[in-house]
Amino acid sequence: MAAKFYLTTTLPYVNADPHLGFAAEIVRADAIARWRRLKGDEVFFNTGTDEHGLKIYRQAAVAGQDPQAYVDAYAAKFDDLKKALDLSYNSFTRTTDARHQAAAQAFWRRCAANGDIYKKTYQVKYCVGCELEKTDSELVNGFCPLHPAKPLETINEENYFFRWSAYADKLLSFYDAHPDFIIPGHRLNEIRNFIKQGLKDFSISRLKKKMPWGVPVPDDQEQVMYVWFDALVNYISCLGWPDDQEQFRRFWPGWQVAGKDNLRQQAAMWQAMLMSAGLPNSEQLLIFGFITANGQKMSKSLGNTVDPFSLTAKYGTDAVRYYLLADLPAYEDADYTEEKFAARYMADLANGLGNLAARVAALLEKDKAVLPLAARPDSELSAGVDKALAKFQFDAALKAIWQKIAETDEYLSAQAPWKMPDPEQKKAVLAQSAQNILDIGFALRPFLPASADKIIAQYGAGEIRKGEPLFPRLP
RNA sequence: CGCGGGGUAGAGCAGUUGGCAGCUCGCCAGGCCCAUAACCUGGAGGUCGCCGGUUCAAAUCCGGCCCCCGCAACCA
């Protein structure tokens with residue numbers, strides 16, 4: 001019986017176009033999902049979009065659009081990543097989906113029934129200049145950084161809260177019992193330290209009259225959900241929870257990937273919510289580092305976000321996938337520059353993989369050699385890739401594959417089959433090289449699916465022809 | 001004393017339990033001439049942030065200090 005494997009990304013908030021950081025997250029998730037499928041697992045791979053909230057409501061108003069139409073356009077843009085990056089997710093959850101909203105309400109009811117949701121009046125700070133509520137973290141010396149001359153107003157508001165404080169000990173016990181819950185391990189320490197400082201209950205609703213763009217709170221016409229009980233529930237609503245218990249039980253708990261900014265939400269808030277709802281905790285979290293652009297944090301306000309669509313249009317889908325998986329350390333921060341991208345493309349894809357495939361194919365084509373090569377899913381190379389991917393180390397897996405490419409280039413140079421007088425001897429050398437390339441093609445399937453398929457088709461065809469370059473040199 | 005990460009060759013990084021400091025790019029010199037001006041071999045280049053300690057032996061373990069970068073409750 002095939003094992004079940006569930007994997008989800010976070011849902012990006014649709015107040016801006018997709019950028020390279022999310023592309024990295026979802027490509028990494030995609031490589032894992034493809035790998036597990038190739039191993040024979042039944043895989044459920046979810047992503048989607050977070051579409052409610054004040055920012056979107058306001059942006060839609062500014063654009064003169066109905067919020068739903070506004071988020072429809074954005075959701076389509078994020079779904080376009082599927083084609084641009086050759087993604088294999090089978091589920092795209094929008095938080096405006098009716099099924100998701102019903103699940104969010106059901107989840108809320110369960111936590112409320114458990115006594116973890118209560119109503120409380122609290123004070124929010126409001127900047128008249130921005131016409132926005134501000135959290136303390138957004139303030140500088142107690143003032144709005146955009147309007148330091150205007151004092152903040154304090155507004156009393158009654159909202160629902162989630163009794164997070166009740167889960168501090170339970171979360172710590174859970175982490176103790178699951179020391180590998182978060183990769184990398186130091187993020188587990190980070191969240192542990194955070195929780196040891198004490199947890200404050202967090203606000204989970206907003207007044208509907210001020211912010212109507214949200215999931216209605218069950219049994220309260222005045223309030224809509226604030227992000228948490230809406231967006232986080234997508235990780236199980238996509239599986240059909242609560243209606244499709246069979247599918248939910250088959251796939252949950254699963255793996256979640258997220259950027260490091262999402263550590264608290266995924267590792268502590270969501271886990272506490274699951275406990276409150278009486279549902280199993282997530283299986284494991286992968287927390288990725290950030291990508292900076294030319295040494296600076298990518299942000300809308302700096303205007304230095306890198307657009308994955310223009311990158312794939314210019315260099316090709318697999319080139320971008322390769323860069324994200326091979327060149328960036330997944331769990332630490334990493335810097336992107338187009339120069340480094342292009343250098344890596346030339347060295348590894350054009351001169352490395354592409355040239356080697358063309359080199360051997362050209363030699364074989366001249367001889368009209370027929371080689372009945374077969375895939376070797378159990379090759380030493382596959383084993384190395386499996387070992388690295390079992391630890392979710394994408395760069396190490398690709399390094400093993402590129403080691404094989406280098407070995408094959410060295411082997412060819414040492415043997416020099418092009419000047420061998422004995423045709424049988426020459427054929428044997430080329431067959432060995434071609435077998436290596438076919439193994440490389442198979443090993444590449446989780447990472448560069450389209451290129452892998454081309455190599456497998458080319459080198460598995462019997463009579464091997466040169467064909468088009470896999471990765472043309474850059475001008 | 002809020003929390004966390006980092007500092008290793010010009011650049012980007014790897015260094016598992018301490019045991020001759022490595023990889024890629026770039027640079028220099030050869031080779032090859034099958035391949036996408038590609039590929040192969042060799043070379044130059046480092047006080048492993050600083051100070052001290054443990055040890056036969058420290059990039060690695062311990063203590064202190066300096067610097068950079070994140071997070072700090074909706075930026076992947």
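Chain letters run A, B, ... following the sequence lines, proteins first and then strands; every chain starts at 1. None of the values given here were measured: they were computed from a predicted structure.
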Base, sugar-phosphate, or nothing for [X], non-hydrogen atoms under 4.0 angstrom?
X       : value
G53(A)  : nothing
L470(A) : base
A24(A)  : nothing
F202(A) : nothing
G21(A)  : base

> What is the distance, rounded to the nearest whole Å, between atom CD of Q393(A) and atom P of rU16(B)?
Replying inline: 12 Å

>> Could you tell me how far rA29(B) sits from rC68(B) if I compare only their P atoms? Round to whole Å.
In response: 40 Å

> Which dot-bracket string fits RNA chain B when only Watson-Crick or G-U wobble pairs with both atom distances under 3.5 Å count, crossing pairs get [ ], and | stands for a partner on a different strand?
Replying inline: .((((((..((((.....[..)))).(((((.......))))).....(((((..]....))))))))))).....

>> Whether the side chain of R359(A) and the base of rC34(B) hold a donor-acceptor pair under 3.5 Å is what I'd like checked.
In response: yes

>> Please check if the number of heavy atoms outside Y57(A) that lie under 6.0 Å from its OH is greater than 12.
In response: no

Side chain of [X]: nearest nucleotide among [options]?
X       : options                   : result
E332(A) : rG5(B), rG4(B), rA76(B)   : rG5(B)
W418(A) : rC33(B), rU41(B), rG70(B) : rC33(B)
Q197(A) : rC75(B), rC32(B), rG2(B)  : rG2(B)

>> Testing K210(A), K120(A), K119(A) one by one against E157(A) for a salt bridge (Lys or Arg N to Asp or Glu O under 4.0 Å), which residue passes?
In response: K210(A)

Contacts table for residues 387-396 of chain A: side-chain donor-acceptor under 3.5 angstrom, sequence neighbours left out:
none

